[in-house]
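Below: the structure, in structure tokens.
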Amino acid sequence: MGIGMDREPGMSTTMESPAKAERRREILDAAFQEFAARGYAGASMGAIARRARASKETLYAWFENKETLYNTLLVSRLEGITSHVAAAARRDPSPSNVLPVLAEDIIRLMLAVAPLNQAMSGESAEKASRLIGRTISEERRNFADYLLRCRAEGHIAFDDDPLEIASLFVAMAEGEWSLRLGTGMIDEVTDAMIAEHARRVTRIFLKGLAPD
């Protein structure tokens, strides 16, 4: 995950009217609900169209097939983190403000992607994994650049590879939520739990990088 502070990510590289962009978002939300409920293998373009109250022709006009729709959905979720964190950074770029926002979004993404991958296998799963990997690698570089700026401004201090520092924070944010849910240690992950974990992770992380 990273902080693309110098760019505005979007769901499409082309300009869309507000109405068309909103309709596209509604379709992606419907796709998320269908994939989360039935897994990749069980979801269908027809079911997604019905959830979105759209025709199958509309879906196929925007998305070549289910795989393209699924990959677009993953990208939109990843870009959502970038835009959210970038907005927080514009308000206050200090790590004490930005990192809790990033940590919360990492947790929410992890919890969102888990049901999307249910029952997904084979070539489609491999393509989706590669897509996520490329996007995360790019955002990790952005995050590393942000950490370097924070170091230059005296907020933090470190001598290690900034990419490794970035990965460490992501791993701390991810925690063991999926394990706890899967083993019945907890029944749900609430907003309050996510916020508290994000604050705790940020506090521990910044304490370890505190300037002398």
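Values below: all heavy atoms of this structure, side chains included; hydrogens, waters and symmetry mates excluded. Nothing here was measured: the structure is a model prediction, and the numbers come from that model.
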[X] versus [Y], closest heavy-atom pair with distance:
X      : Y      : value
Leu59  : Ala54  : CD1-CB, 4.2 Å
Ala43  : Glu34  : CB-CG, 3.7 Å
Met172 : His197 : O-NE2, 3.1 Å
Pro100 : Pro95  : CD-O, 3.8 Å
Ile48  : Ile27  : CG2-O, 4.3 Å
Val98  : Ala89  : CG2-CA, 3.7 Å

Reported [atom1]-to-[atom2] distance for the pair [X] and [Y], which is rounded to 0.5 angstrom:
X      : Y      : atom1 : atom2 : answer
Arg50  : Ser55  : CZ    : OG    : 12.5 Å
Cys150 : Leu206 : SG    : CG    : 8.5 Å
Arg24  : Trp62  : CZ    : CH2   : 7.0 Å
Thr68  : Leu73  : OG1   : CG    : 12.5 Å
Leu163 : Leu168 : CG    : CG    : 12.5 Å
Asn71  : Glu64  : CG    : CD    : 11.0 Å

>> For a side chain to side chain contact (heavy atoms under 4.5 Å, CB included) check, start with the C-alpha distance between Leu99 and Phe143, then their side-chain angles and the critical distance, and finish with the verdict.
In response: CA-CA 10 Å; Leu99 295 184; Phe143 186 20; 3.7 Å; yes
Within the side chain of [X], is there an N or O that forms a donor-acceptor pair under 3.5 Å with the backbone of [Y]?
X      : Y      : answer
Lys56  : Ala49  : no
Arg151 : Phe158 : yes
Asn97  : Asp92  : yes
His155 : Leu147 : no
Tyr146 : Pro93  : yes

> Taking everything shown except His84 itself, do over 12 heavy atoms lie less than 6.0 Å from its NE2?
Replying inline: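 It does not: His84 NE2 has 12 such atoms or fewer within range.
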>> Would you say that more than 12 heavy atoms from the other residues, nucleotides or ligands in this model lie under 6.0 Å from the CG of Asp187, or not?
In response: no
> Hey, mind stepping through Arg140 and Val170 against side chain to side chain contact (heavy atoms under 4.5 Å, CB included) and telling me if it holds?
Replying inline: CA-CA 9 Å; Arg140 188 175 71 141; Val170 171; over 6 Å; no
> Between Asp29 and Arg25, is the closest basic N to carboxylate O distance under 4.0 Å?
Replying inline: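 Salt bridge present between Arg25 and Asp29.
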>> Please determine whether a side-chain nitrogen of the Lys or Arg among Asp191 and Arg108 lies less than 4.0 Å from a carboxylate oxygen of the Asp or Glu.
In response: yes
>> Less than 6.0 angstrom separating the ring centers of Tyr70 and Phe63, yes or no?
In response: no
> Step by step, would you call Arg149 with Glu153 a salt bridge (charged side-chain N to carboxylate O under 4.0 Å, His left out)?
Replying inline: CA-CA 6 Å; Arg149 289 196 295 272; Glu153 294 168 1; 5.9 Å; no
>> With side chain to side chain contact (heavy atoms under 4.5 Å, CB included) as the criterion, how do Phe35 and Lys66 come out once you've worked through the C-alpha distance, each side chain's angles and the decisive distance to 0.1 Å?
In response: CA-CA 10 Å; Phe35 283 126; Lys66 185 172 73 170; 3.9 Å; yes
>> Quick one, Ile156 and Ile165 - any side-chain contact, counting heavy atoms below 4.5 Å?
In response: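 No, their side chains stay 4.5 Å or more apart.
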> Taking it one step at a time, do Ile186 and Met193 satisfy side chain to side chain contact (heavy atoms under 4.5 Å, CB included)?
Replying inline: CA-CA 11 Å; Ile186 56 176; Met193 292 165 65; 4.1 Å; yes
